[in-house]
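Here's a structure for you.
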Amino acid sequence: MGSHRRITGAPPASALMLTLLCASWVLAAAQNYSAIFNFGDSITDTGNLCTNGRPSQITFTQPPYGETFFGTPTCRCSDGRVVVDFLSDQFGLAFLPPSKSSSADFKQGANMAITGATAMDAPFFRSLGLSDKIWNNGPISFQLQWFQQIATSVCGQSCKSYLANSLFVFGEFGGNDYNAMIFGGYTTEQAKKYTPKIVNTISRGIDKLIAMGATDIVVPGVLPIGCFPIYLTIYQSSNSSDYDDLGCLNKFNDLSTYHNTLLQKRVDIIQSRHRKTARIMYADFYSGVYDIVRNPQNYGFSSVFETCCGSGGGKYNYQNSARCGMQGASACASPAAHLSWDGIHLTEAAYKQITDGWLKGRYCRPPILHS
């Protein structure tokens, strides 16, 4: 080998700038995903619930949903784009078509997420007396079936390389399972007893994706529901000890934290079994939202608890009987300054901040982008 002369001292400014630009380009170009496949619920649904039309009783098919980016409702539960839209933008792919669409081109991916989806199947809720709290049947098991059908139609029997070059986003799952229990009269402590079952179901879904050929899988945790206007309104308390120092309801965030702790442990176990063949990324949805609640001005927000599109005024501006898209509700002038869009889902601006954290690593371990 030849000799190498060590260069000391600071590099010229132009060389430093070139180095930084190259490093940035390498980071952004490290992946060249040919497709994205997303699974989940209303947080990332891009139209599955509306593939058979747009019934007026579904509020998010009505204005002002979609106003910020699309200019019209798109069956997304936000004022504009959601996380998977920003991921598609990052990798130069088309927005994901809903998997239930009969005319879509799925070569660049598909979105299995559907509003109301749960981790657990219907018999689980029936056994708990909660069938009436689950209004849409699109659990993990169904979404995996939808994906298998799409994969067969796109790549036939030669899917290995195609799926290995695809990004999978599996969740979040669990939010609607807990919603069903809590709105069905269960306490958070009672709900926690079922968390291991819910996490086991999620982990089995991850294992099935790996068995099908997935190699890069993002697994989001659940959100801090104790910071959401719907919970803050319905379960408002006169006892200050029920809230944390930011104004979120402790018991609901404790439930989310418990779920996420178990899920992270399970993700680590799955990663250890597939260390050489798969990259499993835990996406921290909880911290992405909670950091905005803690320091909204750092992220360009001025309101974290007030619903942008709602009614009723007050601290939370949320009324279940006059939700966004219903008569009596209206949207704020600046959705980008709000964390909450409709009291249940986030604004496009919030999803953009969270997606950036997933890509670069602040809210994803390991980051989606890597050199």
Side-chain angles (χ1 to χ4, degrees), residues 35-52 84 96-102 104 106 109-155 159 163 166-181 184 191 193-222 259-260 262-263 266-267 269-270 273-274 278 280 282-283 285:
I36 297 175
F37 294 98
N38 183 74
F39 303 75
D41 56 21
S42 60
I43 303 297
T44 54
D45 186 356
T46 56
N48 266 324
L49 199 63
C50 301
T51 52
N52 293 322
V84 290
L96 298 185
S99 61
K100 296 170 75 67
S101 172
S102 59
F106 297 120
N111 193 352
M112 274 56 65
I114 187 167
T115 299
T118 55
M120 307 300 289
D121 288 342
F124 169 79
F125 298 100
R126 190 159 52 244
S127 72
L128 299 181
L130 297 172
S131 293
D132 62 324
K133 302 303 177 185
I134 300 300
W135 58 274
N136 183 39
N137 198 11
I140 285 175
S141 60
F142 282 27
Q143 293 190 30
L144 288 170
Q145 292 174 21
W146 300 341
F147 167 67
Q148 284 182 302
Q149 294 167 359
I150 287 173
T152 300
S153 69
V154 171
C155 54
C159 288
L163 297 181
S166 300
L167 177 67
F168 289 78
V169 183
F170 198 68
E172 59 89 43
F173 284 111
N176 285 322
D177 301 72
Y178 297 123
N179 287 340
M181 286 184 245
K193 294 179 181 178
Y194 299 99
T195 300
K197 284 188 176 182
I198 293 171
V199 171
N200 283 344
T201 300
I202 296 170
S203 66
R204 286 196 299 270
I206 300 169
D207 285 332
K208 288 179 181 178
L209 284 180
I210 294 172
M212 293 177 199
T215 60
D216 281 30
I217 307 174
V218 178
V219 183
V222 295
H259 172 99
N260 290 340
L262 295 189
L263 182 61
R266 190 56 60 89
V267 166
I269 291 171
I270 296 173
R273 292 203 309 262
H274 301 279
I280 317 299
Y282 174 75
F285 235 144

Is any side-chain heavy atom of Pro97 closer than 4.5 Å to a side-chain heavy atom of Phe106?
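In contact.
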### Message
Tell me whether the rings of Phe168 and Phe39 are parallel (<30°), tilted (30 to 60°) or perpendicular (>60°).
### Response
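Geometry flag for Phe39 against Phe168: parallel rings.
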For the pair Ile134 and Met120, evaluate side chain to side chain contact (heavy atoms under 4.5 Å, CB included) and give the outcome as yes or no after the intermediate values.
CA-CA 11 Å; Ile134 300 300; Met120 307 300 289; over 6 Å; no
* Qualifying residue for side chain to side chain contact (heavy atoms under 4.5 Å, CB included) with Leu167, from Asn38, Val218, Ile217 ->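 The option that passes is Val218.
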**Prompt:** What heavy-atom pair brings Ala117 and Gly40 nearest, and what distance separates the two atoms?
**Reply:**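 Here Ala117 and Gly40 meet closest at CB-O, 3.3 Å.
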Point to revise | Set of side-chain hydrogen bond (donor to acceptor under 3.5 Å, both in side chains) partners for Asp177, sequence neighbours left out | key: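 By the side-chain hydrogen bond (donor to acceptor under 3.5 Å, both in side chains) rule, Asp177 matches no residue at all.
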Rounded distance [0.5 Å steps], CD in Glu172 versus NE2 in His259
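It is 7.5 Å, given to the nearest 0.5 Å.
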Query - Contacts of Thr152 that satisfy side-chain contact (heavy atoms from CB on, under 4.5 Å) - sequence neighbours left out - result: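 Per chain and number, Thr152 pairs via side-chain contact (heavy atoms from CB on, under 4.5 Å) with no residue.
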- For Pro220 and Gly171, work out which heavy atoms get closest and say how close.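 Residues Pro220 and Gly171, closest heavy atoms: CG-O, 3.4 Å.
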Open item on the list: Asn136 vs Ile114, test: side chain to side chain contact (heavy atoms under 4.5 Å, CB included). Steps then yes/no.
Closed with: CA-CA 8 Å; Asn136 183 39; Ile114 187 167; 3.3 Å; yes
Would you say that Phe37 contacts Leu163 through its side chain, given a criterion of any heavy-atom pair below 4.5 Å between the two side chains?
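Yes. Closest side-chain heavy atoms under 4.5 Å.
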Mind checking what makes side-chain hydrogen bond (donor to acceptor under 3.5 Å, both in side chains) contact with Asp45, not counting sequence neighbours?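 With sequence neighbours excluded, Asp45 shows a side-chain hydrogen bond (donor to acceptor under 3.5 Å, both in side chains) to Thr115, given in chain and number order.
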For residues 207-215, which side-chain N or O atoms pair as donor and acceptor with protein atoms under 3.5 Å away, sequence neighbours left out?
unit_1 : atom_1 : unit_2 : atom_2 : d
Asp207 : OD1    : Arg273 : NH2    : 2.8
Asp207 : OD2    : Arg273 : NH2    : 3.2
Thr215 : OG1    : Ala164 : O      : 3.1

Can you tell me how far CE of Met112 sits from CZ of Phe170, rounded to the nearest 0.5 angstrom?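 Phe170 CZ to Met112 CE: 9.5 Å, rounded to 0.5 Å.
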* **For Asn137 against Pro139, the heavy-atom pair lying closest together** =>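 Scanning both residues completely, I find the closest heavy atoms to be OD1-CD, 3.3 Å.
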Item to complete: Evaluate the side-chain proximity of Val219 to Phe173: yes if any heavy-atom separation is below 4.5 Å, no if none is.
Response: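 Side-chain contact under 4.5 Å: no.
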Note to self: Enumerate the ring-ring contact (aromatic ring centres under 6.0 Å, His included) contacts for residues 115-135, please, sequence neighbours excluded, ordered by first and then second residue.
What the structure shows: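 Checked against ring-ring contact (aromatic ring centres under 6.0 Å, His included) - neighbours excluded - the pairs reaching residues 115-135 are Phe124-Tyr194.
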Any side-chain heavy atom of Leu263 within less than 4.5 Å of one from Ile202?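 The answer is yes; the side chains approach within 4.5 Å.
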Pairs where residues 139-149 contributes a residue and the test side chain to side chain donor-acceptor pair (under 3.5 Å) is met, not counting sequence neighbours: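 Found Asp121-Ser141.
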| query | Short question: side chain of Asn48, backbone of Asn111 - any donor-acceptor pair under 3.5 Å? | reply |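 The answer is yes, because a donor-acceptor pair under 3.5 Å joins these two groups.
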Would you name the heavy atoms of Ala180 and Leu130 that are closest together and state the gap between them?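 Taking every non-hydrogen atom into account, O-CD2, 3.7 Å.
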